J.: 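Please read through the structure below; I'll follow up with questions.
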Amino acid sequence: VQLQASGGGLVQAGDSLRLSCAASGHTFSNYAMAWFRQAPGKERELVATITWSGSMTYYTASVKGRFTISRDNAKNTVYLQINSLKPEDTAVYYCAADLYYSEDEAHKYDYWGQGTQVTVSS
């Protein structure tokens, strides 16, 4: 699976962004998807996950209520809607795909996108 993340940018605190991750190469609907982020000087962290059907989602505690993961299998795309952005959301955001759904930070994903930068100014 090839993954292409997009939608990042420079925004102000309180703004919203929608990140997209377009998949190609394999049957997208077979894969669970996830968004990770990595802030400068910090380790990569799991942000949200979604099952192949979209029936189940998971969010790390720090983003619950502000982030929404969704997918459109007809468009081979997974989204991350980010509302009420905070400076601490500044990071490179990565999408990832795997045949198995997991809410475990340590789960190994088979495929990764290249990342999209989100920068939030205060």
Side-chain angles (χ1 to χ4, degrees):
V1 177
Q2 289 80 48
L3 302 174
Q4 180 75 38
S6 63
L10 173 61
V11 297
Q12 293 188 332
D15 284 351
S16 297
L17 275 178
R18 188 176 78 159
L19 307 184
S20 299
C21 175
S24 62
H26 285 269
T27 304
F28 176 70
S29 59
N30 287 343
Y31 290 84
M33 300 296 296
W35 285 98
F36 287 78
R37 67 183 179 184
Q38 187 165 19
K42 295 188 177 181
E43 294 197 353
R44 186 175 60 199
E45 67 167 338
L46 176 63
V47 173
T49 61
I50 189 167
T51 56
W52 66 270
S53 65
S55 62
M56 289 178 60
T57 58
Y58 163 83
Y59 300 93
T60 195
S62 61
V63 307
K64 278 183 182 177
R66 296 191 300 120
F67 287 28
T68 303
I69 188 171
S70 62
R71 64 190 297 159
D72 185 339
N73 286 342
K75 295 183 178 180
N76 293 344
T77 302
V78 63
Y79 304 99
L80 187 69
Q81 177 70 39
I82 310 175
N83 297 329
S84 303
L85 276 154
K86 303 176 181 181
E88 52 264 42
D89 294 321
T90 295
V92 178
Y93 285 72
Y94 299 90
C95 54
D98 195 81
L99 288 173
Y100 300 99
Y101 173 77
S102 176
E103 298 175 0
D104 185 350
E105 177 86 38
H107 181 73
K108 303 295 185 184
Y109 284 80
D110 286 336
Y111 304 99
W112 290 86
Q114 87 290 358
T116 185
Q117 176 72 48
V118 173
T119 303
V120 185
S121 64
S122 57

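Owing to the predicted nature of the structure, the values given are computational and were not obtained by experimental measurement.
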J.: Would you kindly confirm whether Leu17 and Val78 end up in one hydrophobic cluster when ILVMFWY residues are joined by side chain heavy atoms under 4.5 Å apart?
T.: yes
J.: Side chains of Thr119 and Gln117: any donor to acceptor distance under 3.5 Å?
T.: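 The criterion, which ignores hydrogens and geometry beyond distance, is satisfied for Thr119 and Gln117.
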J.: Report yes if the side chains of Thr60 and Glu105 come closer than 4.5 Å at any heavy-atom pair, otherwise no.
T.: no
J.: Does some side-chain heavy atom of Trp52 sit less than 4.5 Å from a side-chain heavy atom of Leu99?
T.: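 Result no, sub-4.5 Å side-chain heavy-atom pair not found.
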J.: Looking at Ser84, is its backbone amide N or carbonyl O close enough to the side chain of Arg66 to form a donor-acceptor pair, meaning the two atoms are under 3.5 Å apart?
T.: yes
J.: Can you name the closest pair of heavy atoms from Val118 and Leu19 and give their distance?
T.: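 Reported closest heavy-atom pair: CG2-CD2, 4.0 Å.
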J.: Given 3.5 Å as the limit, does a donor-acceptor pair link the side chain of Thr77 with the main chain of Lys75, or not?
T.: yes
J.: Might you point out which heavy atoms bring Leu80 and Trp35 nearest each other, and give the distance in Å?
T.: CB-NE1, 3.5 Å
J.: Where the side chain of Thr51 meets the backbone of Met56, is there a donor-acceptor pair that is under 3.5 Å apart?
T.: yes
J.: Assess the residue pair Ile50 and Tyr101 against the criterion (side-chain contact (heavy atoms from CB on, under 4.5 Å)); give the C-alpha distance rounded to whole Å, side-chain angles, the decisive distance to 0.1 Å, and a yes or no.
T.: CA-CA 7 Å; Ile50 189 167; Tyr101 173 77; 5.6 Å; no
J.: Hey, could you give me each pair passing side chain to side chain donor-acceptor pair (under 3.5 Å) that has a residue in residues 11-29? Not counting sequence neighbours.
T.: Ser16-Asn83
J.: Can a donor-acceptor pair be found, under 3.5 Å and without considering hydrogens, that links the side chain of Ser121 to the backbone of Val11?
T.: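 Side chain of Ser121 to backbone of Val11, a donor-acceptor pair under 3.5 Å: yes, one is there.
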J.: Ignoring hydrogens, what is the shortest heavy-atom contact between Leu3 and Tyr111? Give both atom names and the distance.
T.: CD1-O, 3.7 Å
J.: Test your reading of the model: is there a side-chain donor-acceptor pair from Tyr94 to the backbone of Ala5, 3.5 Å cut-off?
T.: no
J.: Do Val1 and Met33 make a side-chain contact, defined as non-hydrogen atoms from C-beta onward lying under 4.5 Å apart?
T.: no
J.: Look only at the side chain of Arg71 and the backbone of Phe28, and say whether a donor-acceptor pair between them is shorter than 3.5 Å.
T.: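 Indeed, once roles are kept as given, a pair shorter than 3.5 Å links the two residues.
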J.: Over all heavy atoms of both residues, which pair between Val47 and Val63 is shortest? Give the atoms and the distance, please.
T.: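 Taking every non-hydrogen atom into account, O-CG2, 3.8 Å.
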J.: Hey, can you tell me if Tyr109 and Phe36 have their rings parallel, tilted or perpendicular (30° and 60° cut-offs)?
T.: perpendicular
J.: Considering only heavy atoms from C-beta outward, does the side chain of Tyr31 approach that of Asp110 to under 4.5 Å?
T.: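 Side-chain contact under 4.5 Å: no.
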J.: Can a donor-acceptor pair be found, under 3.5 Å and without considering hydrogens, that links the side chain of Thr116 to the backbone of Tyr93?
T.: no
J.: Under the 3.5 angstrom rule, does the side chain of Asn76 hit a backbone N or O of Gly25 as a donor-acceptor pair?
T.: no
J.: For the residue pair Leu46 and Ala34, what are the closest heavy atoms and their distance?
T.: CD1-CB, 4.0 Å
J.: How close do Phe67 and Ile82 get, counting heavy atoms only, and between which atoms?
T.: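 Shortest heavy-atom separation between Phe67 and Ile82 comes out as CE1-CG2, 3.0 Å.
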